[in-house]
*Asks:* 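Here it is, the structure in full.
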Amino acid sequence: MLAPSGEIHSRKMMGDYIVYVNEKCVITACDNIAYVKKLPCIAGLMADAKYGCPYTGAKEAYILDLEDAPKSLKVIETIWEYLPFPKSKKQ
C-alpha cells in the first residue's frame, strides 16, 4: 500500500516496528496499530483521527487508518516533508 510513497523498509525496535519511507522514520507500528507523529502540518488531515501512545513513555501520536489508502498516502507524503533524516551514527 505504501509503495507509491517511495522506498519502504522497516526495522524491528523494542519489540515493535519502525517504518521508513525514503530513509525517514514515518510510522511507528505497535500492536498492529500504525502511529504517526502529531505535527501541525497534518492536523487538518487527521482532525477526525483517533490518537494514542504507541508505547509507555511515548508522546501522543495520531493513529493512521490504513484502510483509507488515499488519505494515508497523503498524510505520509505531507509529514515526510517535515521529518528530518536520521542522524548518522558516529563510530
Side-chain angles (χ1 to χ4, degrees):
M1 185 209 98
L2 299 175
S5 298
E7 182 184 333
I8 311 296
H9 73 278
S10 63
R11 183 175 178 190
K12 189 169 182 141
M13 296 190 72
M14 300 174 285
D16 294 303
Y17 291 88
I18 303 296
V19 179
Y20 293 86
V21 177
N22 296 320
E23 302 303 320
K24 289 185 181 182
C25 174
V26 178
I27 297 172
T28 302
C30 301
D31 299 323
N32 294 323
I33 299 172
Y35 295 90
V36 292
K37 286 187 176 184
K38 274 185 132 178
L39 295 176
C41 63
I42 59 169
L45 289 168
M46 300 298 284
D48 60 343
K50 294 179 182 179
Y51 48 88
C53 294
Y55 51 88
T56 304
K59 291 182 181 179
E60 197 170 71
Y62 290 119
I63 295 174
L64 190 60
D65 180 10
L66 296 175
E67 297 293 320
D68 187 351
K71 181 178 177 180
S72 294
L73 291 173
K74 181 65 177 167
V75 167
I76 290 166
E77 175 186 304
T78 303
I79 201 171
W80 189 91
E81 295 292 326
Y82 290 89
L83 293 172
F85 282 101
K87 295 177 182 176
S88 61
K89 295 179 182 177
K90 294 181 181 180
Q91 295 186 9

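Keep in mind it's a predicted model, so treat the numbers as computed, not measured.
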*Asks:* Please say yes or no: joined through hydrophobic side-chain contacts below 4.5 Å, possibly via intermediate residues, are L83 and M46 part of one cluster?
*Replies:*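 As far as the 4.5 Å side-chain criterion goes, M46 and L83 are connected within one cluster.
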*Asks:* Give, for atom SG of C53 and atom CD1 of I33, the distance between the pair rounded to the nearest 0.5 Å.
*Replies:*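 One gets 11.5 Å once the value is rounded to the nearest 0.5 Å.
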*Asks:* Among pairs that include at least one residue of residues 74-84, which meet side-chain hydrogen bond (donor to acceptor under 3.5 Å, both in side chains), considering only residues two or more places apart or in two chains?
*Replies:*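 Output for this query is empty, none listed.
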*Asks:* How close do Y62 and A43 get, heavy atom to heavy atom, and via which atoms?
*Replies:*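 Here Y62 and A43 meet closest at OH-CA, 3.7 Å.
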*Asks:* Under the side-chain hydrogen bond (donor to acceptor under 3.5 Å, both in side chains) rule, what pairs show up with a residue in residues 29-58, not counting sequence neighbours?
*Replies:*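 Sorted pair list: K38-E60, D48-K71.
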*Asks:* Work out which heavy atom in P86 is nearest to a heavy atom in Y20; give both atom names and the distance.
*Replies:*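 Taking every non-hydrogen atom into account, CG-CE2, 4.3 Å.
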*Asks:* Which distance, rounded to the nearest 0.5 Å, do you find between the CG of L45 and the CG of L39?
*Replies:*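 Answer for the CG-CG pair, L45 versus L39, is 12.0 Å.
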*Asks:* Under 4.5 Å between side-chain heavy atoms, hopping through other hydrophobics if needed: is there a path connecting I63 to V75?
*Replies:*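 Per the 4.5 Å side-chain linkage, I63 and V75 are not co-clustered.
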*Asks:* Identify the heavy atoms of P54 and G52 that sit nearest to each other, and give their distance.
*Replies:*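 Reported closest heavy-atom pair: CD-O, 3.8 Å.
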*Asks:* Can you list, pair by pair, the side-chain donor-acceptor contacts under 3.5 Å of residues 7-19, counting residues two or more places apart and other chains?
*Replies:*
none

*Asks:* Just how far is it from atom CD1 of I76 to atom CG of N22, taken to the nearest 0.5 Å?
*Replies:*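 Result: 11.0 Å between the selected atoms.
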